[in-house]
Amino acid sequence: AWRRALQEKYQSNAEAPVPKSKYYVENTFGTVGAVAVDQDDQIVQGTSTGGMTNKMYGRVGDVPVIGAGTYASDEVAVSMTGWGEKIMRAVSGHTVSAYMKYEPATIEEAGSYLLQEVLNPGEAGMIAVDKYGNTYMDMNTTGMFRGKSDSEGNREVAIW
Ligand code: ASP
C-alpha cells in the first residue's frame, strides 16, 4: 500500500503539503480510540495511531495534540480518526466540547455539527461520550469500526 501510495504521489503532485492517498482512505486500519465515563462521572479518553500512509518524516498528526483528535473535558470525551491536518485545523475535540457547553448542545448535535458542517468534506470519524453516558459515534467517510458497551450489559458494534 505504501509503494502504491508513493507512486501515486509522484504521479500527481509531489509538492502537495498534505499526504493524502486513496490507499490511505481504502486501507485505514491503524487508529484505535476509546472514550469512557465511570460511575463517579469521570470522563476519559485515549487515542493511538500509526498516522497516515506516506506521511512526511517528522509529521505530528492530530492524535497527540490535545484538543484536536483527542480531548476530554467536564462535558465530553472525544477520540477521532481520519485526516489529521483537518482535524487539527478545526481543533475538533475542543470544538465539540465547547459547542456542547456554550450552545448549549447535546452530544449528537455537537458531533454532527463537527462532522457535517465543520469537517465536511473532511474524512473524519469520531467516538464520544458525555458525562451522562450518552454516546456519539459517526463519520463522514464510508465506514468506521466501532463498538460500545455499558454497565447494564448492552453492547453494540457497527462498521458502516
Ligand atoms: N488521524 C490520524 C493522523 O492523521 C490518522 C488516522 O486516524 O488514521 O495521523
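The figures that follow rest on heavy atoms only: side chains count, while hydrogens, waters and symmetry mates do not. Along the sequence shown, residues carry numbers from 1. Order of appearance sets the numbers: ligands from 1, and atoms from 1 within every ligand. Model, not experiment: these values are computed from the prediction.
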**Q** Compare every heavy atom of Ile43 with every heavy atom of Asp130, then report the nearest pair and how far apart it is.
**A**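 Smallest interatomic distance, heavy atoms only, reads C-CD1, 4.2 Å.
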**Q** Search all heavy atoms of Met80 against all heavy atoms of Thr31 and return the closest pair with its distance.
**A**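 Closest approach of Met80 to Thr31, heavy atoms only: O-CG2, 4.0 Å.
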**Q** Do the ring planes of His94 and Tyr71 sit parallel (below 30°), tilted (30 to 60°) or perpendicular (above 60°)?
**A**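 It falls in the perpendicular class, over 60°.
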**Q** In ligand 1, which numbered atoms sit nearer than 4.0 Å to a non-hydrogen atom of Gly84?
**A**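 Close to Gly84: 4 (O).
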**Q** Can Gly82 be said to touch ligand 1, with heavy atoms closer than 4.0 Å?
**A**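 In this structure, Gly82 qualifies as a contact of ligand 1 - some heavy atom is under 4.0 Å.
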**Q** As an exercise, identify every atom of ligand 1 less than 4.0 angstrom from a heavy atom of Gly51.
**A**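 Result: 5 (C), 9 (O).
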**Q** Enumerate the atoms of ligand 1 whose separation from the nearest heavy atom of Thr49 is less than 4.0 angstrom.
**A**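 Every atom of ligand 1 under 4.0 Å from some heavy atom of Thr49: 2 (C), 5 (C), 6 (C).
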**Q** Give the atom numbers and elements of ligand 1 that come within less than 4.0 Å of a heavy atom of Thr31.
**A**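 Close to Thr31: 5 (C), 6 (C), 7 (O), 8 (O).
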**Q** Answer yes or no: does an N/O atom from Val63 fall short of 3.5 Å to an N/O atom of ligand 1?
**A**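 Between Val63 and ligand 1, no N or O pair is found under 3.5 Å apart.
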**Q** Relative to the heavy atoms of Asp62, which atoms of ligand 1 are at a distance of less than 4.0 Å?
**A**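 Those atoms are 1 (N), 2 (C), 3 (C), 4 (O), 9 (O).
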**Q** Is the number of heavy atoms from other residues, nucleotides or ligands under 6.0 Å of Asp74 CG greater than 12?
**A**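 No.
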**Q** If I take atom CE from residue Met139 and atom CE from residue Met126, how far apart are they, to the nearest 0.5 angstrom?
**A**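 Rounded to the nearest 0.5 Å, the CE-CE separation comes out at 12.5 Å.
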**Q** Return the minimal non-hydrogen interatomic distance between Ala77 and Gln45, and the atom names on each side.
**A**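 Heavy atoms only, the tightest pair is CB-CB, 3.8 Å.
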**Q** Could you tell me whether ligand 1 has any atom less than 4.0 Å away from a heavy atom of Arg59?
**A**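 Contact present.
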**Q** Answer whether the closest heavy-atom distance between the side chains of Val118 and Tyr113 falls below 4.5 Å.
**A**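 The answer is yes, as the side chains (C-beta and beyond) meet within the 4.5 Å cut-off.
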**Q** Which atoms of ligand 1 are found less than 4.0 Å from any heavy atom of Thr81?
**A**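 Near Thr81, meaning under 4.0 Å from one of its heavy atoms, ligand 1 has 6 (C), 7 (O), 8 (O).
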